[in-house]
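Owing to the predicted nature of the structure, the values given are computational and were not obtained by experimental measurement.
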Amino acid sequence: MLNKKNIIVHLLSLFVLFIGFMLCRYVFFDIHGNIGLPACLFIVGLIPVAISFFFKGKITPICTAFAYIAGFIAGVIFQTDGVDVGGGTTNNLWIIWVVVFVCLTLAGIICEKFIGSVKKATK
């Protein structure tokens, strides 16, 4: 049986994730200059959102959608430029973006699991 609230939460999360992807991939391309990373993170973000739909999760899809945007913002704020051994330029925006995205997504999954086990224990 489908739950309307579950469907709405997941559709809104997918919408926010998609908007974040479109902004980062096309609008903010000059900031990061990486074609593949926004798409990879978008596809990776679809996985926990889809899985949480079947387990009726509410926290995980929201955390995943906002983790995409928060990771990009954190990457832009804390990025540093450097020079590698061969003399080429380096930038760590993408590393920060991925780490924040993964950590916030995992935090959502852990919170979902913790809250679910607390609810079961109180019943």
Side-chain angles (χ1 to χ4, degrees):
M1 185 167 166
L2 295 176
N3 182 352
K4 278 188 178 182
K5 187 174 182 180
N6 188 35
I7 293 171
I8 290 171
V9 166
H10 283 81
L11 286 177
L12 287 174
S13 296
L14 286 173
F15 179 72
V16 169
L17 185 64
F18 181 73
I19 293 298
F21 165 70
M22 296 301 283
L23 287 172
C24 292
R25 172 61 181 91
Y26 297 105
V27 178
F28 303 131
F29 178 77
D30 292 338
I31 295 173
H32 59 81
N34 192 329
I35 293 174
L37 183 65
C40 287
L41 286 180
F42 176 72
I43 291 168
V44 168
L46 291 176
I47 295 168
V49 172
I51 292 171
S52 70
F53 176 76
F54 293 109
F55 288 104
K56 295 181 177 71
K58 293 175 184 74
I59 298 170
T60 301
I62 294 169
C63 284
T64 302
F66 286 105
Y68 190 93
I69 298 166
F72 180 76
I73 291 170
V76 169
I77 292 171
F78 298 111
Q79 70 179 321
T80 58
D81 293 320
V83 179
D84 66 9
V85 179
T89 59
T90 61
N91 185 293
N92 65 349
L93 181 146
W94 67 273
I95 296 171
I96 296 169
W97 188 0
V98 170
V99 168
V100 170
F101 177 74
V102 169
C103 288
L104 289 177
T105 301
L106 287 175
I109 293 168
I110 291 168
C111 286
E112 192 89 62
K113 180 69 176 159
F114 178 72
I115 289 172
S117 62
V118 169
K119 284 183 180 178
K120 287 180 184 175
T122 58
K123 285 185 178 180

**Asked** Do the side chains of I110 and I59 join up, straight or via other hydrophobic residues, at under 4.5 Å, putting them in one cluster?
**Response** no
**Message:** The criterion is side chain to side chain contact (heavy atoms under 4.5 Å, CB included); which residues satisfy it with V102, sequence neighbours excluded?
**Reply:** V98, L106
**Request:** Check whether any side-chain heavy atom of I31 lies under 4.5 Å from a side-chain heavy atom of F72, and answer yes or no.
**Result:** yes
**Prompt:** Within a strict 4.5 Å, meaning less than it, do heavy atoms of the R25 and I35 side chains meet?
**Reply:** yes
**Asked** Of all heavy-atom pairs between A74 and V100, which one has the smallest distance, and what is that distance?
**Response** CB-CG2, 4.0 Å
**Request:** Identify the two heavy atoms, one from T60 and one from G108, that lie closest to each other, and give their separation to 0.1 Å.
**Result:** OG1-O, 3.4 Å
**Request:** Just do the side chain to side chain contact (heavy atoms under 4.5 Å, CB included) check on L93 and F78 with the steps written out, would you?
**Result:** CA-CA 7 Å; L93 181 146; F78 298 111; over 6 Å; no
**Message:** For a quick test of reading the model, state the closest non-hydrogen atom pair linking Y68 to C24 and the distance between them.
**Reply:** CE2-SG, 3.9 Å
**Asked** Considering residues at least two apart in sequence or located in another chain, which fulfil the ring pair (Phe, Tyr, Trp, His ring centres under 6.0 Å) criterion with F29?
**Response** H32
List, one per line, each side-chain donor-acceptor pair under 3.5 Å for residues 11-21, sequence neighbours excluded.
{"residue": "S13", "atom": "OG", "partner": "V9", "partner atom": "O", "Å": "2.8"}
{"residue": "S13", "atom": "OG", "partner": "P61", "partner atom": "O", "Å": "3.4"}

**Pair listing, side-chain hydrogen bond (donor to acceptor under 3.5 Å, both in side chains) test, anchored in residues 96-106, at least two apart** = none
**Request:** Starting at CD1 of I73, measure out to CZ of F28 and round the result to the nearest 0.5 Å.
**Result:** 8.0 Å
**Item:** Backbone N/O of F53 and side chain of N6: donor-acceptor pair under 3.5 Å
**Value:** yes
**Request:** Indicate if I69 and V76 have the same hydrophobic cluster label, given that clusters are the connected sets of ILVMFWY residues with side-chain heavy-atom separations under 4.5 angstrom.
**Result:** no
**Request:** Hydrophobic side-chain clustering at under 4.5 Å (ILVMFWY, transitive links): who's grouped with V83? Put none if nobody.
**Result:** none
**Point-to-point distance, once rounded to the nearest 0.5 Å, from CD1 of I8 to CG of N3** = 9.0 Å
Sequence neighbours excluded and cut-off under 3.5 Å, please list the side-chain donor-acceptor pairs for residues 41-52, or say none.
{"residue": "S52", "atom": "OG", "partner": "H10", "partner atom": "NE2", "Å": "2.8"}
{"residue": "S52", "atom": "OG", "partner": "P48", "partner atom": "O", "Å": "3.1"}
{"residue": "S52", "atom": "OG", "partner": "V49", "partner atom": "O", "Å": "2.9"}

**Message:** With a 3.5 Å distance limit and no angle check, can you tell me whether E112 reaches the backbone of G57 through a side-chain donor-acceptor pair?
**Reply:** no
